[in-house]
Amino acid sequence: MSYDPAAIEEQWRDRWAETGRYEADPADADDATFVTVPYPYPSGAMHLGHARTYTVPDVYARYRRQRGDDVLFPIAWHVTGTPIIGAVERLKKREPEQMRVLTEVFDIPEDRLEELETPMGFARYFIEEHYKSGMEGLGLSIDWRREFTTNDDRYSKFITWQYETLYERGLLEKGLHPVNYCTNEQQPVTTHDLLEGEEAEFQEYTLITFAGEDAVYPMATLRPETVRGVTNAYVDPEATYVRAEVDGDAWIVAEAAVEKLRLQERTVDVLETFQGETLVGRRLENPVTADEFLVLPAEFVDVENATGVVMSVPAHSPDDYVALQDAKEHADDLTTYGIDPAEVRAIEPVPILDIEGYGEIPARDAVEEHGVTGQGDPALEDATQELYNREFHEGRLHDEYGEFGGEIIEDVRDDLKEHYRERGAFDAMYDFAEEVICRCGGDVEVAYQDTWFLRYNDEAWSEKAHRAVERLDAIPENTAEQYDHTIDWLEEWPCIRNYGLGTRLPWDDEFVIEPLSDSTIYMAYYTIAPGLRDIPLDDLDREFFDALFYGPDAVDDPDERALELREEWQYWYPVNYRCSGNDLIANHLTFYLYHHAELFEEDEWPEGITVMGMGLLEGKSMSSSSGHVLMPGEAIEEYGADTVRFFLLNSAEPWQDYDWREEQVESTHRGLSRFWNRAEELIEETADTPDDRPELTDIDRWLLSKLQATVREATDALDRFETRTASQAAFYRFEEHLSWYRRRADLDRPAAKWVLRHVLSTRLRLLAPFVPFLANELHERLTGESAEDLPWPEVEPELENPQIETEEELIGDLLDDVADIVDVTGTDPDEVSLYVAADWKRDVFETVATHAVETEGAPNAGQVMGDVMSDPALRERGNAVNDLVTDLADVVRGRSEDDLALLREIDERTVYDRAAEVVAAEYDADVTCVDEDASDDDKAEAAIPFRPAIRLA
RNA sequence: GCGAGGGUGGCUGAGCUAGGCCAAAGGCGGCGGGCUUAAGACCCGCUCUCGAAGGAGUUCAGGGGUUCGAAUCCCCUCCCUCGCACCA
């Protein structure tokens, strides 16, 4: 029967489910292994991009089981936060885009849409219909008894304990914080809720408070250091402005700014409203220089941005420079505003910094260099971008800036801002650089909201987190520094939301703990989830979990049930390996380290983290909304789960990106089919082979020796999560050994049959973690037992035989040489003569080899010659010896002492007699192998040790 | 800009953390042959250049250096990908 994945896979899935094969419970042994993955977020279907994240830990779990461990590999569902709620809202509104994804991409039947109209109904659908079936389809060895969702009551009790504990330890702090806020719905919104401006980030503008007669005129800038370069201001004469009392001071701002300021916790009373033109011509005073300047009219002023009053720094802003040129040109028009044109023409750019490569007025140079033609020219943007960058990183402030004079902007901007803020010259406000619209159609602004923060910048806490990194097995190794870097860089993290699924903040229940903050120590929850189900909700209080996690002495009257669960927790903890995405290093994985470092003792801290690259589909990243996705179910149906697994695990190491290319996947599938067919054939044809090891020949011993190397390599690789290296060695690389074996060995011998069966059994056990369906099925057919029920293969040192491996290499080299000659000459030889190097040449080799050992593989030709020539018999041979030494130096160069010892042991005649048989068979030629000395063929002289001379005829 | 990772033969992708066994694995594609009524699948061979004797030449982003010897080590330049937060 040929390879039929669907049939055998179904059968093994059933068997695993029926027998609870992967359910793990504490035993007495001290060999527990606990691996976890991030619990999925079922706000949509699982696609193949997710599949490897779950498959890699599955391989490790299966591997450790074969090594004899109790292995726990659990899964749960993360439903915290707003994405699911948002998705349900969009479904209820029957938004076309959402409906398209649900019905076309995810293929949800019409009659089931209704059950998706509640958040948990929505989540449940994807959990059951996509994630669970996908995971079962892939053959993941999950203990399903432990699943839960983060919206479960008992989980909330656990999170409540966590946050009460952190709160008590002073690691949470309340503060005001800018957030995206929908002015229509009057609540904060997430990026997912946005219709337009999803990419927009709000910025903190510095407001420079220029003084006018009747009020201050705050103007927004991202470059506060340019304050000394302001030459004038602009307003939109057509727009509406207001004079308002803002926190007790009189301000002039655009009317549009009033709401923004209010949202940012300002008290704003509008005193009067007027057209922008009233402001034109007024004189304002620079709070830093005390210089006066004019307010000019300009159409380009956007009153929707910041305060709607703009300052102009023509020396350093190409935009302002060009605008000023225009203003001067049309200065005569300004008389309508009562402005003296001469005064406008007299405005000159005021430089405030020096920068190499630019003249006194950098903006002018930038404008000229980019060939900017006017205000609407796209080149203006490039000029601005380049100049801003250069000035920020290279510009040095002029001496008028006092303590900041001579400094690079990059180094002092923050200090300078703070300096003037303290003196009342600067203020601040947040705003977007573009328009942002909510899905509800409402305008989104930046608002200050009360928020609770986790204090990840706390020194003592960071210190503990660094210690956790130190003892962590970070895979790949270079990720360790990324964790350290993240720890140093993290500030405070807002850990709550105003709405969403999840756990309420225990002491302030208008807030919900957000997803990245309720998922930091939940791995512990897997160990107790089944046990907690039997305990009444109300009993799961602070004391209960204190007893559970901190032991009987932590509370006055410890709950017995908590102490029992404590044993289970301690049996599995710590997590040996967490497998996650490399994009999560900068938040989730580092939070994971922080919370463990704070809440648990060192011996419960994470032992290892393996991060993974992303998955591509035909070279492009997958996304459900674009439809460029492949669901695991589809792939499994097409190729079988083993092919899917093998591709995911073998095409790249876990931390590298992989690319699902149909062509490659098909080739993987063919590889597995070929393997299956050969294995099945072998199993049938050798069924009556006795179990006892027969007398082996050299080539049998060679294959078994290669097998040992393969076992060693696969084992070492899996210990480091190198699934590609491991599977490559056990599968593809060994196929090459087998093909040499088939070429060299008589397969009809009982010994060959025994060897091939032994090899197959070993390889199936090595492959079982990768392709469990195929490997278990074949092994069961081979011996009656499945591969996963048998131990992981161990290296059998007595089967390692470097001597024979070296000899086979020499035979291979000879075959290559013969083939080479045949190829170049285009002859089909009838006779082949092999001449093995004479004894004296072997003596020279000994001398060269001795030198090589002394010089660690880098023999000095001169010294060797001196030695060799001390023998009179050799000296007579003159140039022949010289050439030989040169050749032999190449042979030994770089070889280790052990290698050389092997070569010295080899009897060339025996080896090449064997080689002669192979050559004879392959070329259907008469092959003779004689010593160089015994031949009168002048070709024979070309023989050197380990490289016989060859004559084709 | 900061942090991380890369640039290898038509493509993909090993090797580069321990420099010589590297003209450089494997796969895909291409070419030739076998099998087949035929296609597919499968099997064998070739796939940098030159060569009628196992050889030689030029390659591993570009430039420089260390070394008897570098795809592999060091320096510089250019280019690409990812992350930079309140999104999960």
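Note on naming: letters A, B, ... go to the chains in the order of the sequence lines (proteins, then strands), and numbering restarts at 1 for each one.
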### Query
Contact class for A:P948 (heavy atom, under 4.0 Å): base, sugar-phosphate, or nothing?
base
### Query
Is a side-chain N or O of A:T150 found less than 3.5 angstrom from the main chain of A:V79, in a donor-acceptor match?
yes
### Task
Side chain of A:W493 only, please: which of B:A88, B:A85, B:A53 is the nearest?
B:A85
### Query
Taking the side chain as C-beta and beyond, is there a heavy-atom pair between A:I585 and A:T479 under 4.5 Å?
yes
### Task
Would you mind building the protein contact string for nucleotides 23-28 of chain B? One character per nucleotide, 5' to 3', B for base within reach (heavy atoms under 4.0 Å), S for sugar-phosphate only, - for untouched.
--BSSS
### Query
What's the OH-P distance between A:Y594 and B:A85, to the nearest Å?
17 Å
### Query
For RNA chain B, which ranges pair as stems of 3 or more consecutive Watson-Crick or G-U pairs, with both donor-acceptor distances under 3.5 Å?
B:1-7 with B:78-84, B:10-12 with B:26-28, B:29-34 with B:42-47, B:48-50 with B:55-57, B:61-65 with B:73-77
### Query
Taking the same atom, C1', in B:G9 and in B:U58, what whole-Å distance lies between them?
12 Å
### B:U37 versus B:G32 - spacing of their C1' atoms, nearest Å
22 Å
### Message
Measuring only the C1' atom in each nucleotide, how far is B:U49 from B:C35? A whole number of Å is fine.
### Response
35 Å
### Message
What contact category does A:D816 fall into here, base, sugar-phosphate, or nothing, at under 4.0 angstrom with non-hydrogen atoms?
### Response
nothing
### Pairwise side-chain contact, A:F845 with A:F946, heavy-atom cut-off 4.5 Å (strictly under)
yes
### Task
Go through the N and O atoms of the side chain of A:D820 and the base of B:G54, and report whether any donor-acceptor pair is under 3.5 Å.
no
### Query
How would you label the contact of A:L490 with the nucleic acid (heavy atoms, under 4.0 Å): base, sugar-phosphate, or nothing?
base
### Task
Among the candidates B:A88, B:A53, B:A4, find the nucleotide nearest to the side-chain atoms of A:Q482.
B:A4
#### Entry: Interatomic distance at C1', B:A85 relative to B:C2, whole Å
14 Å
### Query
Touch check for A:E477, heavy atoms < 4.0 angstrom, all strands: base, sugar-phosphate only, or nothing?
nothing
### Task
Indicate whether OP1 or OP2 belonging to B:G5 is found under 4.0 Å from a side-chain N or O atom of A:Q656.
no
### Message
For A:Y181 and A:Y448, I'd like to know if the aromatic rings sit close, meaning centre-to-centre distance below 6.0 Å.
### Response
no
### Query
Between A:R674 and B:C43, does any side-chain N or O lie under 4.0 Å from OP1 or OP2?
yes
### Message
Quick check on B:C87: is either OP1 or OP2 less than 4.0 Å from any side-chain nitrogen or oxygen of A:N587?
### Response
no
### Task
Please state how far atom CE in A:M614 lies from atom C1' in B:G83, giving the value in whole angstrom units.
12 Å
### Nearest-Å distance once atom C1' is located in both B:C16 and B:C60
11 Å
### Task
Quick one: do A:E808 and A:R744 satisfy salt bridge (charged side-chain N to carboxylate O under 4.0 Å, His left out)? Show the steps, please.
CA-CA 10 Å; A:E808 286 300 314; A:R744 291 276 291 109; 2.9 Å; yes
### Query
Considering only B:C87, B:G3, B:C84, which nucleotide approaches the side chain of A:W489 most closely?
B:C84
### Query
How far, in whole Å, is B:U66 from B:C48 if one measures between their P atoms?
33 Å
### Query
How is A:D583 classified with respect to the nucleic acid when contacts are heavy atoms under 4.0 Å: base, sugar-phosphate, or nothing?
nothing
### Task
Only counting residues at least two apart or in another chain, list the ones meeting salt bridge (Lys or Arg N to Asp or Glu O under 4.0 Å) with A:R951.
A:D937, A:D938
